[in-house]
Amino acid sequence: MPERRKIFFFYKQEEFLENKVKNLQLLAEQSNFQIVTDFHQANIIVSVGGDGTFLQAVQKTGFKEDCLYAGVSTETTSSFYCDFHVDETEKMVEAMTNEQIEVRRYPTIQVTVDGKSTFHCLNECTIRSAIIKTFAIDVYIDGLHFETFRGDGMIVSTPTGSTAYNKSVRGAVVDPMLPCFQVSELASINNNNYRTLGSPFILDGTRKLTLKVVQDGNDYPTIGIDNEALSIRHVEKLDIELTNQRIKTVKLKDNSFWEKVKRNFL
Ligand code: NAP
Ligand code: MN
């Protein structure tokens, strides 16, 4: 593995965090790391905050494939993408100085809006009615018209995103070793006129999912890319697929995906 020595810290500019981050930076410098203020120059990106901050760190730095991401939690509750707690300095130094660190790779999905703009997601892409009225989506799998959905919206999640929004709507928790993505529904109407599968389904990573928003007036949905809403208003079509681009994170001892799931939820 090439030497990774340049660290960029990503955090919300809050007074309480400034001090914590200063301590971390000192620690890094003592371990012969260089702090950079431009993420383009970094080969390690450290987010300080919660899972939400980690998602932002990955989004704002453009899903850098030549970087190792690490999440440092400032909260007392355990979080999903954060392998370190801000006060566990020993653990961080050990990880930083250990040459044989394992790297974990998380699959991501890519969303193309109306064949033009492309976005990446680490957790999920959501499409929801922006008004108090249902909207309709024609769902295609590899060009096959699969179902017509009417309801509040849909969630398309990555394996790591399966423990987030997807889990709240009774989607399955998916092992991130599987290159796949999951589609779950938000309050679908099922009657003699509208019929959807009704259960979440998981697509192989080679499939292509297309969501066509039925142009019936309610075609200005809210589209979420991880924890950000797109500013695009009118939408006709989303093309969603798994990418080869993976997010690399430090894999610590006794901290496999399923250990995290157990720790967070059981
Ligand atoms: P938020 O509303 O502040 O966070 C929702 C919670 O989800 C937080 O506790 C967050 O952890 C946690 N979380 C985020 N990604 C996770 C993951 N992959 N596995 C397990 N837990 C995860 O929003 P946010 O912190 O900015 O995070 C955005 C995410 O929230 C979205 O990507 C979506 O998945 C999720 N969300 C869930 C629901 C729902 O379950 N009903 C609704 C909207 C959004 P931290 O506190 O450590 O950040
Ligand atoms: Mn949060």
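Counting convention: from 1, in listed order, for ligands and their atoms alike. Just so we're clear, the structure is a prediction, and the values are computed from it rather than from any experiment. Every heavy atom of this structure was used, including side-chain atoms; hydrogens, water molecules and symmetry mates were not.
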Could you tell me which atoms of ligand 1, counted from 1 in the order shown, lie closer than 4.0 angstrom to a heavy atom of [X]?
X	value
F80	17 (C), 19 (N), 20 (C)
Y81	18 (N)
T160	18 (N)
S168	39 (C), 40 (O), 41 (N)

Any N or O on [X] sitting closer than 3.5 Å to an N or O of ligand 1?
X	value
T53	no
S79	no
G161	no

In terms of relative ring orientation, are H120 and F63 parallel, tilted or perpendicular, with 30° and 60° separating the classes?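 Judged by the thresholds at 30° and 60°, the geometry between H120 and F63 is tilted.
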Could you tell me how the ring of F8 sits relative to the ring of F39: parallel (under 30°), tilted (30 to 60°) or perpendicular (over 60°)?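 Plane angle over 60°, so perpendicular.
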Pair [X]-[Y], side-chain donor/acceptor within less than 3.5 Å:
X	Y	answer
D239	T210	yes
T249	R104	yes
S256	E259	yes

Are the charged groups of K260 and D83 less than 4.0 angstrom apart, N to O?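 So K260 pairs with D83 through a salt bridge.
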Would you indicate which of K260, E75, E124, K167 comes nearest to atom 34 (O) of ligand 1 when only heavy atoms are counted?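 Comparing heavy atoms across K260, E75, E124, K167, the nearest one to atom 34 (O) of ligand 1 lies in E124.
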Among T163, D51, T126, which one has a heavy atom closest to atom 11 (O) of ligand 1?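 Heavy atom nearest to atom 11 (O) of ligand 1 belongs to D51.
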Ring centroid separation for F201 and F146, is it under 6.0 angstrom?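 Yes; F146 has its ring centre under 6.0 Å from that of F201.
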